[in-house]
> 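First, the structure itself, so that you have it in front of you.
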Amino acid sequence: MQETRGKHQPVFYIMLVIGMLALVTRASVALVTTSWVFTDHWNFGYEMGEIAASLASGDGFSWPHWSSHPQGPTAWMPPIYPMVMAVAFKIFGIYSEKAAISLFIFQTLMSILTCYLLFRIGKRVFNIQVGLLTAFFFAVYFPAIHFSVQQIWSTPLFACCLSLLILTLLELRARPTASTAVAVGLLAGFTALVDAVIVVSYPLIAIWLYVTLARDHIAIGKLLGTAC
């Protein structure tokens, strides 16, 4: 038991360093570029920012009265991230610098969590070394840094949800239980509400699970039905 714990300690410390590296790179870019200062409200989340402002103003999921688009209820964007932004607007003020800082902190945390999830995926599919390299490259990957602290958008949350969904799918393939199938279904639904583009891959995922499991097709069909 102690030998196993000692073997895992270096990996824990390496992941801790990678997490700190991800935090430092993102914080440094934010400080150098003062990315939380917006001269134009439109650049503050674009369409999501407009909907979030309407939510925070008490006008529901719609375009605000100052928008150039027609007012009224909208289905332009998936609901999750505008709601996250609306919470920041409600607490810190609509289009305020404090709201921008809080959202960049949230996006950075999602990006750091994605580093850990990618480590878990790499470790599960290949080995620990691949997992650590994957987490390291994501920590310093400039597009990941950019979307964490230079643009307010749902990308970091979507990447985190997608990584967690992949990890849960791998768990379902290894241990096809009803509880894991429910977790896959909930994650798939939530991820689609973050960014609907993921929906086009769901039929392919179902086919992949059906083919790779290939033990008891009736039981697998029931699990897929549970997930759906």
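For this chain, numbers begin at 1 and follow the sequence in order.
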> Kindly indicate whether the side chain of Met85, heavy atoms from C-beta on, has any atom under 4.5 Å from the side chain of Ile152.
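Counting from C-beta outward, Met85 and Ile152 do come under 4.5 Å.
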> Just verifying a value: how many Å separate Leu103 CG and Leu157 CG, rounded to the nearest 0.5 Å?
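Reported value, rounded in 0.5 Å steps: 11.5 Å.
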> Please answer whether the main-chain N or O of Pro176 pairs with a side-chain N or O of Thr180 as donor and acceptor at a distance below 3.5 Å.
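No, Thr180 side chain to Pro176 backbone: no donor-acceptor pair under 3.5 Å.
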> Could you please spell out the steps behind the side-chain contact (heavy atoms from CB on, under 4.5 Å) verdict for Trp36 and Lys98?
CA-CA 8 Å; Trp36 59 86; Lys98 288 183 178 179; over 6 Å; no
> Kindly give the heavy-atom pair with the smallest separation between Ser54 and Gly60, and that separation in Å.
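Closest approach of Ser54 to Gly60: OG-O, 3.1 Å.
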> Which pair of non-hydrogen atoms, one from Trp153 and one from Met77, has the smallest distance, and what is that distance?
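Here Trp153 and Met77 meet closest at CH2-SD, 3.9 Å.
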> Kindly work out whether a path of hydrophobic side-chain contacts (I/L/V/M/F/W/Y, heavy atoms less than 4.5 Å apart) joins Leu113 to Met20.
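Different clusters: Leu113 never reaches Met20 through Ile, Leu, Val, Met, Phe, Trp or Tyr contacts under 4.5 Å.
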> So how far is it from Phe104 CZ to Leu109 CG, rounded to the nearest 0.5 Å?
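Nearest 0.5 Å value for the CZ-CG distance: 13.5 Å.
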> If I take atom OG from residue Ser163 and atom CG from residue Leu118, how far apart are they, to the nearest 0.5 angstrom?
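Result: 4.0 Å between the selected atoms.
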> Would Val184 and Val125 show up in the same hydrophobic cluster when neighbours are defined by side-chain heavy atoms closer than 4.5 Å?
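Looking at the clustering, Val125 is in the same group as Val184.
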> Mind checking side chain to side chain donor-acceptor pair (under 3.5 Å) for Ser111 and listing every partner two or more places apart, or none if nothing turns up?
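Counting only residues at least two positions away or on another chain, Ser111 forms a side chain to side chain donor-acceptor pair (under 3.5 Å) with Arg26, Ser148.
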> Is a donor on one side and an acceptor on the other found under 3.5 Å between the side chain of Asp40 and the backbone of Asn43?
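Not a single qualifying donor-acceptor pair exists.
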> Evaluate the side-chain contact (heavy atoms from CB on, under 4.5 Å) criterion for residues Leu132 and Met15: first the C-alpha distance (whole Å), next the side-chain angles of each, then the deciding distance (0.1 Å), finally the verdict.
CA-CA 7 Å; Leu132 291 172; Met15 278 304 303; 3.8 Å; yes
> Can you name the side-chain contact (heavy atoms from CB on, under 4.5 Å) partners of Ile198, sequence neighbours left out?
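Partners of Ile198 under the side-chain contact (heavy atoms from CB on, under 4.5 Å) test: Phe158, Leu162, Thr191, Ala192, Ser201, Tyr202.
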> Using a 4.5 Å cut-off on heavy atoms from C-beta on, say whether the side chain of Cys161 contacts that of Phe190.
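SC-SC contact between Phe190 and Cys161 confirmed.
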> Which residues pass the side-chain contact (heavy atoms from CB on, under 4.5 Å) test with Leu133, sequence neighbours left out?
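For Leu133 the side-chain contact (heavy atoms from CB on, under 4.5 Å) partners, ignoring immediate neighbours, are Phe137.
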> Any side-chain heavy-atom pair from Phe136 and Ile14 closer than 4.5 angstrom?
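They are not in side-chain contact.
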> Which residues pass the side chain to side chain donor-acceptor pair (under 3.5 Å) test with Thr108, not counting sequence neighbours?
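Here no residue qualifies.
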> Just so I know, are the side chains of Phe138 and Thr114 near enough to count as touching, which here means a heavy-atom distance under 4.5 Å?
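Side-chain contact under 4.5 Å: yes.
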> If hydrophobic clusters are built from ILVMFWY residues whose side chains come within less than 4.5 Å, do Ile112 and Val11 share one?
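Result: no, two separate clusters.
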> Hey, could you give me the CG/CD1 distance between Leu169 and Ile205, rounded to the nearest 0.5 Å?
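Leu169 atom CG to Ile205 atom CD1 measures 5.5 Å (nearest 0.5 Å).
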> Write down the atom of Leu55, the atom of Ala86, and the distance for their closest heavy-atom approach.
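Smallest heavy-atom distance, with atoms named: CB-CB, 3.7 Å.
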> Please enumerate all residues that pass ring pair (Phe, Tyr, Trp, His ring centres under 6.0 Å) together with Tyr141, with sequence neighbours excluded.
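Counting only residues at least two positions away or on another chain, Tyr141 forms no ring pair (Phe, Tyr, Trp, His ring centres under 6.0 Å).
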> Can you list everything that forms a side chain to side chain donor-acceptor pair (under 3.5 Å) with Ser179? Sequence neighbours excluded, please.
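Per chain and number, Ser179 pairs via side chain to side chain donor-acceptor pair (under 3.5 Å) with Thr177.
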> With sequence neighbours left out, write down each residue that passes ring pair (Phe, Tyr, Trp, His ring centres under 6.0 Å) with Phe44, or none if nothing qualifies.
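Ring pair (Phe, Tyr, Trp, His ring centres under 6.0 Å) check on Phe44 returns Phe38, Phe89, Tyr95.
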> My understanding is that only residues two or more places apart in sequence, or in another chain, count here; which of them pass side-chain contact (heavy atoms from CB on, under 4.5 Å) with Ala196?
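If we apply the side-chain contact (heavy atoms from CB on, under 4.5 Å) test to Ala196, skipping adjacent residues, there are no hits.
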> Determine, using the 4.5 Å side-chain heavy-atom cutoff (strictly less than), whether Ile80 and Phe147 are members of one ILVMFWY cluster.
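No, no single cluster joins them.
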> Return the minimal non-hydrogen interatomic distance between Ser96 and Gly93, and the atom names on each side.
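Ser96 and Gly93 have their closest heavy atoms at OG-O, 3.0 Å.
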> Hey, does the side chain of Ser57 reach the backbone of Asp59 with a donor-acceptor pair shorter than 3.5 angstrom?
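Pair absent, no side-chain N/O of Ser57 close to backbone of Asp59.
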> So how far is it from Ile18 CD1 to Thr134 OG1, rounded to the nearest 0.5 Å?
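Separation between the atoms: 9.5 Å.
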> Suppose the criterion is salt bridge (Lys or Arg N to Asp or Glu O under 4.0 Å): which pairs have a residue in residues 185-199, not counting sequence neighbours?
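Every pair satisfying salt bridge (Lys or Arg N to Asp or Glu O under 4.0 Å) with a residue in residues 185-199: there are none.
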> What residues form a side chain to side chain donor-acceptor pair (under 3.5 Å) with Gln151, not counting sequence neighbours?
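Partners of Gln151 by the side chain to side chain donor-acceptor pair (under 3.5 Å) criterion, ordered by chain and then number, come out as His146.
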> Each residue besides Phe92 in its hydrophobic cluster should be listed here, by chain and number; the cluster joins Ile, Leu, Val, Met, Phe, Trp and Tyr at side-chain heavy-atom distances under 4.5 Å.
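Same cluster as Phe92: Val87, Ile91.
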> Determine the interplanar angle of the Tyr46 and Trp42 rings, folded into 0 to 90°, and report it as parallel if under 30°, tilted if 30 to 60°, perpendicular if over 60°.
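It falls in the perpendicular class, over 60°.
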> Transitively linked via ILVMFWY side-chain contacts under 4.5 Å: Phe106 with Leu117?
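Result: yes, single cluster for both.
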> Kindly give the heavy-atom pair with the smallest separation between Trp208 and Arg173, and that separation in Å.
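Result for this residue pair: CZ2-NH1, 3.6 Å.
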> Ignoring hydrogens, what is the shortest heavy-atom contact between Leu172 and Ala181? Give both atom names and the distance.
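In this case the closest contact between Leu172 and Ala181 is CD1-N, 3.9 Å.
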> Using a 6.0 Å cut-off, check whether atom CZ of Arg124 has over 12 heavy atoms from anything other than its own residue.
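Yes, the 6.0 Å shell around CZ holds more than 12 heavy atoms from other groups.
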> Could you tell me whether the side chain of Val130 reaches within less than 4.5 Å of the side chain of Lys123, counting heavy atoms only?
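A side-chain contact under 4.5 Å is absent here.
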> Nearest 0.5 Å, please: how far is CD1 in Ile121 from CD1 in Ile166?
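Output value for this atom pair is 5.0 Å.
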> Hydrophobic clusters join Ile, Leu, Val, Met, Phe, Trp and Tyr when side-chain heavy atoms are under 4.5 Å apart, directly or via other members; which others share one with Val17?
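Members besides Val17: none; it forms no cluster.
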> So does Ala88 get a backbone contact from the side chain of Ser102, meaning a donor-acceptor N/O pair under 3.5 Å?
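Checking the backbone N and O of Ala88 against the side chain of Ser102, no donor-acceptor pair under 3.5 Å is found.
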